[in-house]
Amino acid sequence: MTLKRMTRGARLSLARLPLFGGGRNLPAAPVHSMRDLWPGDPVAGAQLTRGSLTWAGYTHPIGPGLWDSPQFEPAFREGLLGFRWLRDLRAVGTDAARLKARALVDDWLHHPSQDPVALECGVIGARVAAWLGHYDFFAASASDSFRQRLMARLLVEGRTIAAIMPPERHGWQSLTALKGLLAVAVAMPEYTGFLTRYRRYIDAEVESQILPDGWHIERSPEVQLRALRELAEMRAMMQAARHALPHSVALALDRMSPVLRAMRHGDGGLALFNGSHERTNALIEMVLSQATRTRVVAHTMPDGGFVRMQAARSLLLVDAGIPAPPGYDHNAHAGTLSFEFSCARQRLIVNCGGGVLPAWKDALRQTAAHSVVVVEDMSSSEFAPDGTVARRPPHVGVEHVVAEGAHWLDLSHDGYHASAGATYYRRLYLGADGEVLRGEETVEGEREVAFVLRLHLHPSVTAVDARDGSILLGAGEQHWRFRAAGGTVGIEESVYCGGQNPRASLQLVVRVDPAARKAREEAEAEAEADTAPPAQDDDMDMPDASRPGMVRQVVRWALQREKILLLA
């Protein structure tokens, strides 16, 4: 490993050496023009023209000489040094925005960042792809000297990526690195080594990340979108240069697109599993249109570990898999067996999302931020200080049956066995008309444990206690009734992080507390002691003969759509 790093370090040092002759033999402009495919945010672009950038939830002034400001957080620094924000300046479209983009790139060319983040292969790949994708916007009308400096720097950055490959850390960012390498190869086809290097690594990288059913190995709809976007850009670059697209990339595009479609609710946004955000319908459609011409939706996703159940206009999406494996688990959530439920364009039951700032991200990874059972205030997976998953459920059971349009789903996991000696079972039923969703939550172990079922509601959903012990939900023109048995039912505050900022919301909770129940039963027994018949010794503490040595605690619930407007 040490020899490998030394060799890589030597290659990197050679790649960063100045070009002989100052790059005078380079092409004056990219041989093949390419354009960044994705829309920018004109509001963010206008903010940039005034000298301020918002990225990853942080806002800082940026400008010449500020690339390595110590005030920049790691996530902000990564976004700044990746130059993806050039598309926001392009969205403004004014001469002031064009000159701002040119001035910032020119300052980088003269005084590039010395931060180690700037040398990460994914950041370099994003940077060179952004420069080339916006070349016509900020560079085509610039001076000859500026364009010569830019082309020389692009060659150095391409050599740097080639020297770093293969990356030490794998993930969708390594696809970004390969995209950047391909961008330089397309812009400077006379340097054939870039395309050779790209073809050498792209197959293995795609095959290691994309599972047979089309899921990205990180099991996140957000990462699915990002990885598909990188591959779609590769396809556009290959088409611009009239090169044959690697078979692995073509196959991945065809497999990944149906999965991304499957993980969208009726409003067009993404389901919130494993750090995802809703994103916009327009962006998702744009990525899908660039990736494939088909509109197929994946119905089975066994490798990714998700179950999609649709009945009429209702959609139930369930995480029925183990968190992502080591090396890909920095964004994994402890949401095993959690689900999201929507009807038409209305989200009803959701997970809390991914957050933007680190404090929110860490909190929302816990099981309590998902629509699932939480045992003794613990998570079904535990996280190490470095953000990886330290403990995950060893086994997840899944059985899905469909009959006459109705769905039955039996699930289980043993993520609480080591911490609480318990196994969790979840049964879900979705009626054929999509207007009835029922669940049965079972915790089985050698002792009674405290647990709570949490069903988080979308911020647009209201919840009111009804007189009969049920809870009435209002969601636009839809009205639903929630009932539960086996625990104490209530409404509590929650938070929803499906966008850039947290939003207040509510959650339905069903609490099972053996200690509280025992105290209540003892109090009731004392109140009835004068009239109750005496207990016999051989009747006391008798175990359940049907399940010797095991304790099963069960909560049953139902969510049913109401036909008429209900008033609290």
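These numbers were taken from a predicted model, which means no experiment stands behind them.
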Using a strict 4.0 Å threshold on nitrogen-to-oxygen distance, state whether Glu441 and Arg556 make a salt bridge.
no
The salt bridge (Lys or Arg N to Asp or Glu O under 4.0 Å) partners of Asp414 (sequence neighbours excluded) come to none
Taking the side chain as every heavy atom from C-beta outward, state whether Leu253 and Leu228 have any atom pair closer than 4.5 Å.
yes
Answer whether the closest heavy-atom distance between the side chains of Phe72 and His60 falls below 4.5 Å.
yes
At what distance, to the nearest 0.5 angstrom, does OG of Ser371 lie from CG of Leu348?
11.0 Å
Within a strict 4.5 Å, meaning less than it, do heavy atoms of the Glu382 and Val389 side chains meet?
no
Will you find, in the side chains of Gln224 and His216, an N or O donor that is under 3.5 Å from an N or O acceptor?
no
Look up atom OH in Tyr424 and atom OG in Ser412, then write down how far apart they are to the nearest 0.5 Å.
10.5 Å
Considering only heavy atoms from C-beta outward, does the side chain of Leu559 approach that of Val436 to under 4.5 Å?
no
Can you check side chain to side chain donor-acceptor pair (under 3.5 Å) on Arg427 and Tyr429, steps first, answer last?
CA-CA 7 Å; Arg427 305 187 70 184; Tyr429 166 80; over 6 Å; no
Side chains of Gln71 and Tyr58: do they bring a donor and an acceptor to under 3.5 Å?
no
Provide the closest heavy-atom pair for Ile210 versus Ala252 in the form atom of the first, atom of the second, distance.
CG1-CB, 4.3 Å
Pro323 side chain near Pro393 side chain, heavy-atom distance below 4.5 Å
yes
All salt bridge (Lys or Arg N to Asp or Glu O under 4.0 Å) counterparts of Arg77, not counting sequence neighbours:
Asp115
Identify the residue among Glu278, His456, Arg503 that makes a side chain to side chain donor-acceptor pair (under 3.5 Å) with Tyr496.
Glu278
For residues Asp213 and Arg255, determine if any side-chain heavy atom of one lies less than 4.5 Å from a side-chain heavy atom of the other.
no
Any non-hydrogen side-chain atom of Val452 less than 4.5 Å from a side-chain atom of Val512?
no
Does Ser338 reach the main-chain N or O of Val372 with its side chain, forming a donor-acceptor pair under 3.5 Å?
no
Can you name the closest pair of heavy atoms from Val356 and Gln500 and give their distance?
CG2-O, 3.4 Å
Gln290 (side chain) donor-acceptor with Glu233 (main chain) under 3.5 angstrom:
no
So, His413 versus His395: side-chain donor-acceptor pair below 3.5 Å or not?
no
Under a 3.5 Å cutoff, is there a donor and acceptor pairing between the side chains of Ser470 and Arg481?
yes
How would you list all residue pairs meeting ring pair (Phe, Tyr, Trp, His ring centres under 6.0 Å) that involve residues 297-319, not counting sequence neighbours?
Trp215-Phe306, Phe273-Phe306
What residues, two or more places apart in sequence or in another chain, satisfy side-chain contact (heavy atoms from CB on, under 4.5 Å) together with Val398?
Val307, Ala320, Val396, Leu409, Leu411
Pairing donors with acceptors under 3.5 angstrom, does anything connect the side chains of Thr292 and Ser257?
no
Provide the closest heavy-atom pair for Ala403 versus Trp408 in the form atom of the first, atom of the second, distance.
CB-CZ3, 3.7 Å
Check for a donor-acceptor pair, side chain of Glu340 on one end and backbone N or O of Leu272 on the other, with a separation under 3.5 Å.
yes
Mind telling me whether His370 and His333 have parallel, tilted or perpendicular rings, with 30° and 60° as the class edges?
perpendicular
Between Ser52 and Gln47, do the side chains contain an N or O donor and an N or O acceptor separated by less than 3.5 Å?
yes
So do Glu218 and Asn331 actually touch side chain to side chain, heavy atoms under 4.5 Å?
yes
Scan Leu315, Leu316, Leu430 and name whichever one has a side-chain contact (heavy atoms from CB on, under 4.5 Å) with Gln310.
Leu315
Determine which pairs satisfy salt bridge (charged side-chain N to carboxylate O under 4.0 Å, His left out) with at least one residue from residues 300-326, sequence neighbours left out, and list them in order.
Arg219-Asp319
To the nearest 0.5 Å, how far apart are OG in Ser381 and CZ in Arg392?
7.0 Å
Which pairs with one or both residues in residues 364-377 pass salt bridge (charged side-chain N to carboxylate O under 4.0 Å, His left out), sequence neighbours excluded?
Glu376-Arg447
Using a strict threshold of under 4.0 Å (side-chain N to carboxylate O), is an ion pair present between Glu285 and Arg295?
yes
Carboxylate-amine/guanidinium proximity below 4.0 Å for Glu222 and Arg226:
yes
Ignoring hydrogens and angles, tell me if any N or O in the side chain of His458 forms a donor-acceptor pair with the backbone of Ser460 under 3.5 Å.
yes
